[in-house]
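One structure is given here, and the rest of the page talks about it.
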Amino acid sequence: MSGGGELRPFDRVAAVYDETRGMPSPVVDAIGDAILALLRETSAEPRLLEVGIGTGRIAVPLAERGVHVTGVDIAPGMLARLREKRTDIALAFAEAARLPFRVGSFDGALFVHILHLVPDAEATVRAALAVVRSGGCMILGGDDRSPGHRDEADAIIAAAIAAVTGSVDGSGQRFDRGLAGFQTVCDEAGLSVDSRVAAEWSSATSGRELLDRLAARTFSQSWQISDAQVPDVVAAAEPGLRALYGDLDRRVEFARTFTLRSARLGS
């Protein structure tokens, strides 16, 4: 998903975004049902704004459940993929912190994998808060891996990128700032934030798959790598991943959790 000036590169992965960020169908259903339950506390036919809607990975299942979804994004390639899936989702080409909607236009606002990417998480949340009506709901969704094997692999890749490019990966810090930004704005507005697990599942990957994704620069972690630097980064990461996995083609499972943090506006 994307939103905010620095996210235009998301168009480069529009064709593979769903494939590389996909979740099992039961997980998608569980997430959709959990978000719908929050929205239905406000309205039987909720109007939802998703900030950084991307290809509609979350929005499409919600639209299938009868939610009237409006999405904003700045990546036209991502929006084009979404439009291929459904034509009844309203879309606006707009920056996350400058929303073109009237005050109180929606029953809820949703952020999924977006606040750690925008230039100013607090400004983004404040902009959405302004267009959600009284009694509505602010929702932050996150797909979190448990600490362990995959985090070790990510650290190896980050170290390889830093060694070759001199650029330190700050994605972990950005993720924390996104969470903090949501909490800060809710605190300022006097809103209590609740947290619930919407889905738990296991995924698996191999060292070879991670190297292939690194070479293709599928994830934003690798977008600061130039074309000329890619072979060197892959070569730098391979020994560490080989040692971690034992066999680069051995797939290792890791646990994943999708958590919803929500705050309801006073009526």
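All values below come from the heavy atoms of this structure, side chains included, with hydrogens, waters and symmetry mates left out.
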Note, Ser195 side chain near Thr259 side chain (heavy atom, < 4.5 Å): yes
Side-chain touch Met23/Ile31, heavy atoms, less than 4.5 angstrom: yes
Residues Leu265, Leu129; criterion side chain to side chain contact (heavy atoms under 4.5 Å, CB included); working and verdict: CA-CA 9 Å; Leu265 283 64; Leu129 181 63; 3.8 Å; yes
Check: Arg177 side chain, Ala121 main-chain N or O, donor-acceptor pair, under 3.5 Å: no
Shortest non-hydrogen contact from Ala96 toward Val51: CB-CG1, 3.6 Å
Spatial distance of atom OG1 (Thr165) from atom CG (Asp232) [nearest 0.5 Å]: 11.0 Å
Spacing of Arg242 atom CZ and Arg250 atom CZ [to the nearest 0.5 Å]: 13.0 Å
Donor-acceptor side-chain pairing of His113 and Arg21 below 3.5 angstrom: no
Stepwise side chain to side chain contact (heavy atoms under 4.5 Å, CB included) check, Leu140 with Gln183: CA-CA 10 Å; Leu140 173 63; Gln183 185 69 54; over 6 Å; no
For Gly181 against Glu122, the heavy-atom pair lying closest together: CA-CG, 3.7 Å
Pair Leu91-Asp73, side chain to side chain contact (heavy atoms under 4.5 Å, CB included): steps then yes or no: CA-CA 8 Å; Leu91 300 176; Asp73 209 298; over 6 Å; no
Donor-acceptor under 3.5 Å (Arg86 side chain, Val60 main chain): no
More than 12 heavy atoms from other groups under 6.0 Å of CD on Glu45: no
Least distance between heavy atoms, Ser262 atom then Cys137 atom: CB-SG, 3.8 Å
Test item: Asp107 side-chain N/O and Arg47 main-chain N/O as donor-acceptor pair under 3.5 Å: yes
In one Ile/Leu/Val/Met/Phe/Trp/Tyr side-chain cluster, 4.5 Å: Val69, Phe93: yes
Rounded distance [0.5 Å steps], CG in Leu99 versus OG1 in Thr124: 8.0 Å
Worked check of side chain to side chain contact (heavy atoms under 4.5 Å, CB included) between Leu38 and Arg196: CA-CA 11 Å; Leu38 288 170; Arg196 68 186 71 180; 3.2 Å; yes
Note, Asp151 side chain near Phe254 side chain (heavy atom, < 4.5 Å): no
Validation row, ring centre His149 to ring centre Tyr245 under 6.0 Å: yes
Check: Arg150 side chain, Glu253 main-chain N or O, donor-acceptor pair, under 3.5 Å: no
Atom pair CG (Leu214) and CD1 (Ile157), whose distance is rounded to the nearest 0.5 Å: 5.5 Å
Arg264 and Thr42: side chain donor to acceptor below 3.5 Å: yes
hydrophobic_cluster_shared for Val28 and Trp201, side chain cutoff 4.5 Å: yes
Heavy-atom closest pair, residues Ile156 and Gly240: CD1-O, 3.4 Å
Pair Arg65 + Asp29, salt bridge at N-O below 4.0 Å: yes
Heavy-atom pair of closest approach, residues Leu179 and Arg261: CD2-NH1, 3.7 Å
Distance-minimising heavy-atom pair for Val132 and Ala109: CG2-CB, 3.7 Å
Cluster overlap Phe219 with Val230, hydrophobic side-chain contacts below 4.5 Å: no
From CD1 (Ile58) to CD1 (Ile114), nearest 0.5 Å: 12.5 Å
Salt-bridge present (Arg208, Asp212; N to O < 4.0 Å): no
Glu209/Arg213 salt bridge by N-O under 4.0 Å criterion: no
Reported CD-to-CG distance for the pair Glu50 and Leu82, which is rounded to 0.5 angstrom: 9.0 Å
